[in-house]
Amino acid sequence: RLILLIARCTRERVRCFNLALSCSLVFAFLSWSLFVGVMLRARRRTRPHCGEVLVLGCEGSGKTLLCRQLERWCSSAAAATAQAIDSKTVPSVGVELLELLHGNRRFSVREVGGVMQPVWYRYFEGCSAVVFVADSSSAAAASSASIEWYNLLAARALRGTPTLLLLNKRDHPTALPQPTLQLLLRTPECELHMRGLPVAMLSISALTGEGMGSFLEWIGGALSRASA
């Protein structure tokens, strides 16, 4: 009986030891995971802020959807590939500010609603780059965009500021042919105006994500140029 009692006690001690060891390992793993998470968040916060990208455009041009795609592409959990997203958005009637991290750059994106066009100028100072989103799915939208685009190019406060004309909705069934779009947006005149200026044009689909890679490359270059 004594031998059986000793054997039983030994088994209980071994079981308690294994349980304690398992708990210790789990606690160590959780502590390490927490430490790594805190360090990564701290590292992100300590990265210098590279500047602010001002996103403008007429009503319905796709600014909100574009910012949603930017968030997806800048998310560490999302693959940097073109992918359609939910197109249901509410027209911006104010100002939306996003804080994004892409690569080693931490920057802000300020979207100003199309209805606020009369006060866009209030946001010119302090921005590092300007993105003007143009709806290329109809002649009426492209014509309206052309007027506001050239008003931006003429703004004294934006002289020397990297500026991008982003032709959106190129995936739309009614997207204008390139020759028609060039005529409405007066592309040759724009290219002439762009000589010697930090101005560029890109085509994109905020819905499907096509062209987002080139767009992010432009943002990186513009922020680098602005901080140089």
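The analysis underlying the following values was restricted to heavy atoms, covering all of them including side chains, and did not include hydrogens, waters or symmetry mates. Please read all numbers here as calculations on a predicted model, not as lab measurements.
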Could you pull out all donor-acceptor pairs under 3.5 Å where a side-chain atom in residues 117-128 meets a protein atom, sequence neighbours excluded?
residue, atom, partner, partner atom, Å
Q117, NE2, E148, OE1, 3.1
W120, NE1, G113, O, 3.2
S128, OG, E52, N, 3.3

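Checked by atom type and distance alone, the side chain of R170 pairs as donor or acceptor with a backbone atom of L176 at under 3.5 Å. No donor-acceptor distance shorter than 3.5 angstrom exists from the side chain of S136 to the backbone of A134, with no hydrogens or angles considered. K169 places no side-chain N or O within donor-acceptor distance of the main-chain N or O of S137, the cut-off being under 3.5 Å. With S146 contributing its side chain and A142 its backbone, the two residues share no donor-acceptor pair below 3.5 Å.
Contact of the L70 side chain with the M212 side chain is registered, since non-hydrogen atoms from C-beta on lie closer than 4.5 Å. Residues V199 and L165 fail the side-chain proximity criterion, which asks for heavy atoms closer than 4.5 Å. Residues L216 and H102 have side chains in contact (heavy-atom distance under 4.5 Å, counting atoms from C-beta outward). Contact check for L66 versus N168: no side-chain heavy atoms found under the 4.5 Å cut-off.
Both L56 and Y150 sit in one connected hydrophobic cluster of ILVMFWY residues. Membership requires side-chain heavy atoms under 4.5 Å apart, directly or through other members. Tracing side-chain contacts under 4.5 Å through hydrophobic residues (I, L, V, M, F, W, Y), one reaches F132 starting from V115; they form part of the same cluster. Side-chain heavy atoms closer than 4.5 Å link hydrophobic residues (I, L, V, M, F, W, Y) into clusters, and following such links, possibly through other members, connects L184 to L153.
Distance CG/L164 to CG/L152: 11.5 Å, rounded to 0.5 Å. Annotation: the span from L65 atom CG to K63 atom NZ amounts to 11.5 Å, rounded to 0.5 Å. Taken from CG in L223 to CZ in R105, the straight-line distance is 6.5 Å, to the nearest 0.5 Å. Between the CG atom of L167 and the OG atom of S205 there is a distance of 12.0 Å, given to the nearest 0.5 Å. Here the CD1-CD distance, from I204 to Q69, works out to 8.0 Å after rounding to the nearest 0.5 Å. Note: C67 SG to L100 CG = 8.0 Å, rounded to the nearest 0.5 Å.
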Trace of the side chain to side chain contact (heavy atoms under 4.5 Å, CB included) decision for E71 with L98: CA-CA 8 Å; E71 283 188 293; L98 300 177; 3.6 Å; yes
Derivation of the side chain to side chain contact (heavy atoms under 4.5 Å, CB included) call for D135 and C58: CA-CA 8 Å; D135 182 352; C58 300; over 6 Å; no
W218/L166 under side chain to side chain contact (heavy atoms under 4.5 Å, CB included): CA gap, chis, key distance, verdict: CA-CA 11 Å; W218 181 88; L166 201 59; over 6 Å; no
Steps toward side chain to side chain contact (heavy atoms under 4.5 Å, CB included) verdict (W149, L185): CA-CA 9 Å; W149 167 243; L185 291 172; 5.8 Å; no
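S144 meets the side chain to side chain donor-acceptor pair (under 3.5 Å) test with no other residue; sequence neighbours excluded. Considering only residues two or more places apart in sequence or on other chains, Q182 meets the side chain to side chain donor-acceptor pair (under 3.5 Å) condition with none of them.
Judged purely by distance below 3.5 Å, without hydrogens or angles, the side chains of E111 and T64 pair a donor atom with an acceptor atom.
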